[in-house]
Amino acid sequence: MRLIKNLDRDKFVAFNKTHSYGSFLQTPEWGQFKSMGEWDYELVGLGDGDELVGVCMLLRRKLPLVPKYMYYASRGFVCDYKNHDLVKAFTKELVAYVKANKGMVLKIDPLVKYQERDSEGDLVEGGEDNKDLVEFLKSLGYRHKGITLDFDGVQPRFVYKLNLDRSPDELLKKFHHKTRYNIKVAQKKGVEIIEGTREDLEDFVRIMEVTGERDGFITRPLSYFQNMYDILYPQGLFKLYLAKYNVKKALEISVKNLTDEEKKNKPDNNRIEKLTKEIDELKGLVADHPKGILVSGTIMILNGETACYLYGASDNLYRNVMPNYLIQWEMIRQSCEMGCKIYDFRGISGDRSPDHHLYGLYRFKKGFTGEFVEYIGEFDYVIDPFFFFIYEWGLPRFKKLLRKLKG
């Protein structure tokens, strides 16, 4: 077997798009997007005679102050991991390539399950088990980063996925009753889902900043999402969804509900009072926001038959109209229409205890009754131990010291 450098883009795309271990994080477009920052990238493949048996979009980033590089195959490489001879050959070729190009480490986090789990996160008896692959990769020289539970790695080790193996209506029936109820609440409250444009990214980022401040994470700048849009959207890989609170429609619905209640033989006075108050509030919102109010947004990335929910943002206001449930339902419905077989909700915590700070995220995604997926995690093939030690141990402490000095 031999390493194919500068692999033809079309051949790479066709392989990654149709392979069971393929990912949007292994697309040339993602490499191009990352190269607008600190990374550059290259498409390589593994050939067995005339047959292409594996591909890898390698990201490369230079270390500060030294002529060494970190190489990262995000969710890769893409090949048949059950074929240990193939994995061994690909590793040998990639390590030689990285070593020859001043690499200090090759990092991988394959899209391979560790142990099969059900929708509740419990182990499936007799299900898929790839513990042997972890040991095999270690025998090749990789260092396993461990069985972590939270978002400790570059990519989440636990994700939630929905198998789109039936019609949207049949999928909806499988959702948890509370999830179905909240979808209906959003529809009855006048929430509408629209597909956004590049110009709408500014509003999306504004809401993302609100989300980051509320949930305690650092957000990306507008230019980050604009670059992502500019590269992925023309290839049909990027979709922006926005949830708009149509207050005019909500007012019409409330007025109709009040009229219907007043016509009843025995009207509910408490409901009439509630609706009257609601109508007064909505009239004020219509006057201030005649075009509606943007309340949440999401970004979805496509690769082959998989749709991936990559980013989500929601305002602190009007969360009671349940826009996040309806926007997910619309993305799932459209994924079905586009012929996708998997809807990937992305990261959740492996700690399912109700008092865990990320339990609410898990509970929200679990309401769509998908599959709790655990991956095998991150592996480092260390080529230069000295510089790797500086990168892993020294650099974080140096950055921390700089922050203290600046503060």
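Worth knowing before you read on, the calculation uses all heavy atoms, side chains too, and leaves out hydrogens, waters and symmetry mates. The model shown is predicted, which means the values in this text are computed figures rather than measured ones.
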So, using side-chain hydrogen bond (donor to acceptor under 3.5 Å, both in side chains) as the criterion, who are the partners of R206 when residues are at least two apart?
none

Please say whether the positively charged group of R61, taken as NZ for Lys or CZ for Arg, lies over the ring of Y69, i.e. under 6.0 angstrom from the six-membered ring centre and within 45 degrees of the axis.
no

Are a donor atom and an acceptor atom from the side chains of Q155 and Y375 found within less than 3.5 Å of each other?
no

We want to know whether Y72 and D109 form a side-chain donor-acceptor pair, criterion being a heavy-atom distance below 3.5 angstrom.
yes

Going through the checks in order, is the side chain to side chain donor-acceptor pair (under 3.5 Å) test met by T219 and E209?
CA-CA 6 Å; T219 58; E209 289 171 353; 5.0 Å; no

Please determine whether a side-chain nitrogen of the Lys or Arg among R117 and E374 lies less than 4.0 Å from a carboxylate oxygen of the Asp or Glu.
yes

Residue pair N16 / Q26, side-chain donor-acceptor N/O under 3.5 Å
no

Tell me whether the rings of F15 and H19 are parallel (<30°), tilted (30 to 60°) or perpendicular (>60°).
parallel

So, for Y71 and Y381, is the gap between ring centers shorter than 6.0 Å?
no

Give the C-alpha distance, both sets of side-chain angles, the deciding distance and a yes or no for salt bridge (charged side-chain N to carboxylate O under 4.0 Å, His left out) between E192 and K244.
CA-CA 5 Å; E192 297 177 339; K244 182 176 287 188; over 6 Å; no

Under a 4.0 Å N-O cut-off, is there an ion pair linking K366 with E371?
no

Flag the pair Y343 / F345 as yes when their ring centroid distance falls below 6.0 Å, and as no otherwise.
yes

Does the side chain of N182 pick up a donor-acceptor pair with the side chain of T179 at under 3.5 Å?
no

Side-chain donor-acceptor contact under 3.5 Å, Y241 with S296
no

Taking the six-membered ring where the residue is Trp, are the ring centres of F90 and Y81 under 6.0 Å apart?
no

With a 6.0 Å cut-off on the ring centroids, do W329 and F175 count as close?
yes

Using only heavy-atom distances, determine whether the side chains of E170 and S167 contain a donor-acceptor pair under 3.5 Å.
yes

Donor + acceptor pair across side chains of S353, D355 (<3.5 Å):
yes

